[in-house]
Amino acid sequence: MNRLHSILLMVCVSIGFASCSNDDCEDLHLNNLAHYPNVLKGTFPTENQVLNIGETLEITPELLNPENATYSWLINGEEYSNENTFSYKVDKPCRANLTCIISNEYGKVEMTTSFKSNHDFSKGFLYIDDTFNFYDAEKKVKYEDCYSSLNAGKKLGADKPSVCSNNGKLYILNNSNTTNAEHLFIVDSKTLYYEKSATIGTHLHGMIILNDQYALAGGDGIRRINLKSLSSASLTKNSSYSLFNGIVYNGKVLVNDTYGEPSQVKCYNVSDLLAAKENEMPLTIEPGLDIIQNQKINFVQAKDGNIYTLESTDEGCSIVQINKNFTVQKTPINFKPAKGPYWSSPTVGMVVSETEGIIYIASADNCIYKYIIGDPNSIKEPFISADESGLPIATTLQLNQKTGELYAIYGEQWEDHKIVIYNKDGEQINSIDCGKNVPSHIIFNN
């Protein structure tokens, strides 16, 4: 009999002796205890249960007095079953608290334990739509809404999320129109375990990490967020939808601030942004960079230490190299970069290899180009021709830095989407259907 059961019995005995002094009353209470739903020690596990995906957890508490006993099994506080045997098949990555309440007319026993799955997020990839999903590349199986099953049923509820990673944490900014939602979530990148969240503001469309303590969030205004306390300061209420395209480089923040009108790349001092007071957004550094963009385009940092982006105007397009002294070099290209829909966050753009001097670029005609840095000839023909489905590339290309595999997300709003995986030679090796939700980010833990 475990400690909880012993305490309950002692309490019952004490109450009995305190309220009666004659032999008949004592016999009555001892009779009640004899019918109390006592659970045999060892028949309900107290240690955490770890199961492989596909296994079934079964627990059958054995009672000294099973007559007229009723059962209630709760998973994370929600009733799951009233059977005398608990049975639960682990069908996706999960962890949960389990409570068993056994009652009869003489009293009740309440016991708790926990269980979790034995899974490995490094054997595939996570992708985000309005929650976290996991694709197991070894088993070729998709597990949906792992975030909820790993966090006691808590919902992420993200709407076109913007995601930044820093020091093993994922910062998920939920683009919500409501004022009572938790807009910023912090999650462990390896386990997906929720850590904390806060309401930052509304209509938030992107975030950029300034350093280990501070970030900027943009949308209906720009807010500086303390990543430790999750407090924030409003620097300006002027709309800004550029921050999910921005990058911190050599003490400066470079941002693309356009949704379609030609605009010059803006530049801020990080020190000015960190020192700014409430409602005192710093001025941009003038003159700005000699880069004009008329659509949402991101920035990437290549192996050579330089930053790259695209110039996109009606007159022509170029790959732009931004040097450490913020001078620029332009390489003309004969295609237009993909123009993501207004609802995409982040933008359709480029992805860079961290180990090779290679940048992959999605084009407006749904091809993918491979730019070998310093070689203008490498960009003359598509590396990967348009996908046979004819669907547009919906979000930024993703690259598994360890394997060199390239991931492209195809689909149209309100229609089905899919993730197509290409090897280093540009050959398609897999395609995963994702339904109508748009996977905005892919995360690798390998």
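Values below: all heavy atoms of this structure, side chains included; hydrogens, waters and symmetry mates excluded.
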- Could you give me the CA-CA distance, side-chain angles and deciding distance for K155 and D145, then say whether salt bridge (Lys or Arg N to Asp or Glu O under 4.0 Å) is met? CA-CA 9 Å; K155 294 291 184 181; D145 194 13; 2.9 Å; yes
- For atom NZ of K123, decide whether the heavy atoms of other residues, nucleotides or ligands shown that lie under 6.0 angstrom number more than 12. no
- If only atom types and distance count, is the side chain of S263 paired as donor or acceptor with the main-chain N or O of Q293 below 3.5 Å? no
- Donor-acceptor under 3.5 Å (H417 side chain, E415 main chain): yes
- Task: Taking all non-hydrogen atoms of both residues into account, name the closest pair between I59 and T43 and its distance.
- Result: CG2-O, 3.9 Å
- Message: Can a donor-acceptor pair be found, under 3.5 Å and without considering hydrogens, that links the side chain of R224 to the backbone of A276?
- Response: yes
- Message: In the structure I gave you, are the side-chain heavy atoms of L63 and V109 within less than 4.5 Å of one another anywhere?
- Response: no
- Kindly compute the distance separating CD1 (I319) from NZ (K330), expressed to the nearest 0.5 Å. 13.0 Å
- Query: What distance separates F185 CZ from E195 CD, expressed to the nearest 0.5 Å?
  - Reply: 13.0 Å
- Item | D129 (side chain) donor-acceptor with T131 (main chain) under 3.5 angstrom | yes
- Message: Show, in sequence, the C-alpha distance, side-chain angles and deciding distance for K142 and D433, and conclude whether the salt bridge (Lys or Arg N to Asp or Glu O under 4.0 Å) test is met.
- Response: CA-CA 9 Å; K142 178 176 62 176; D433 291 328; over 6 Å; no
- Query: Would you call L227 and I209 a side-chain contact if the rule is heavy atoms closer than 4.5 Å?
  - Reply: yes
- Give a yes or no on whether E78 atom CD has more than 12 heavy-atom contacts from other residues, nucleotides or ligands under 6.0 Å away. no
- Query: Could you state the interatomic distance from CZ (R223) to CG (L184), rounded to the nearest 0.5 Å?
  - Reply: 11.5 Å
- Hey, are N294 and S312 close enough side-chain-wise for a donor-acceptor pair under 3.5 Å? yes
- Message: Between L235 and L216, is the side-chain contact (heavy atoms from CB on, under 4.5 Å) condition met? List the steps.
- Response: CA-CA 9 Å; L235 302 186; L216 291 183; 4.1 Å; yes
- Please check if any side-chain donor atom of E110 sits under 3.5 Å from a side-chain acceptor atom of T112, or the reverse. no
- Task: Check the pair F335 / C367 against side-chain contact (heavy atoms from CB on, under 4.5 Å), numbers first and verdict last.
- Result: CA-CA 10 Å; F335 63 89; C367 294; over 6 Å; no
- Message: Can a donor-acceptor pair be found, under 3.5 Å and without considering hydrogens, that links the side chain of K196 to the backbone of K228?
- Response: yes
- Note on the structure: Tightest non-hydrogen contact, residues S440 and Q398, listed as O-NE2, 4.1 Å
- Item | Closest non-hydrogen atom pair between I322 and V328, with its separation | CG1-CG1, 4.2 Å
- Message: Quick check for you: to the nearest 0.5 Å, what is the distance between F326 atom CZ and K252 atom NZ?
- Response: 5.0 Å
- Check whether any side-chain heavy atom of D120 sits under 4.5 Å from a side-chain heavy atom of E138, and report yes or no. no
- Would you sort out whether F132 and L170 count as a side-chain contact (heavy atoms from CB on, under 4.5 Å), showing the intermediate values? CA-CA 12 Å; F132 280 88; L170 295 175; 3.8 Å; yes
- Would a 4.5 Å heavy-atom cut-off, applied to side chains only, mark I373 and Y371 as touching? yes
- Item | Backbone N/O of E47 and side chain of T113: donor-acceptor pair under 3.5 Å | yes
- Can you see which heavy atom on S87 is nearest to which on T56, and at what distance? OG-CG2, 3.5 Å
- Query: Checking ring-ring contact (aromatic ring centres under 6.0 Å, His included) against Y80, which of Y71, F115, F86, W73 comes through?
  - Reply: F86
- Query: Are K418 and C434 close enough, and set up right, to give a side-chain contact (heavy atoms from CB on, under 4.5 Å), and what steps lead you there?
  - Reply: CA-CA 5 Å; K418 62 180 180 178; C434 302; 5.5 Å; no
- Validation row: T403, F444 side chains within 4.5 angstrom (heavy atoms): no
- Report yes if some heavy atom in the side chain of V253 is under 4.5 Å from a heavy atom in the side chain of V255; otherwise report no. yes
- Item | Pairwise distance CD1(I359) to CD(Q301) - rounded to 0.5 angstrom | 11.0 Å
- Between L156 and D130 the two heavy atoms that sit nearest each other are CB-O, 3.9 Å
- Query: Any side-chain heavy atom of L254 sitting closer than 4.5 Å to one from I291?
  - Reply: no
- Centres of the Y407 and F125 rings: under 6.0 Å? yes
- Message: Using only atom types and a distance under 3.5 Å, with no angle test, would you say the side chain of N151 pairs donor to acceptor with the backbone of Y194?
- Response: yes
- Query: So, for F121 and F134, is the gap between ring centers shorter than 6.0 Å?
  - Reply: yes
- Message: A quick test of your reading: do over 12 heavy atoms of other residues, nucleotides or ligands sit less than 6.0 Å from CD of E286?
- Response: yes
- Roughly how far, to the nearest 0.5 Å, is CG of L310 from OG of S363? 11.0 Å
- Residue among N238, D272, L273 satisfying side-chain contact (heavy atoms from CB on, under 4.5 Å) with M281: L273
- Do N269 and S271 have side-chain N/O donor and acceptor atoms under 3.5 Å apart? no
- Using a 4.5 Å cut-off on heavy atoms from C-beta on, say whether the side chain of S189 contacts that of I443. no
- Query: Nearest heavy-atom pair of S103 and K108: which atoms, and what distance?
  - Reply: OG-CB, 3.3 Å
- N/O donor-acceptor pair under 3.5 Å between Q401 side chain and V352 backbone: yes
- Would you find a donor on one side and an acceptor on the other, under 3.5 Å apart, between the side chain of K116 and the backbone of V50? no
- Message: If we ignore hydrogens and angles and just use 3.5 Å, is the side chain of N256 paired with the main-chain N or O of Q295 as donor and acceptor?
- Response: yes
- Any donor-acceptor N or O pair under 3.5 Å, side chains Q321, Y308: yes
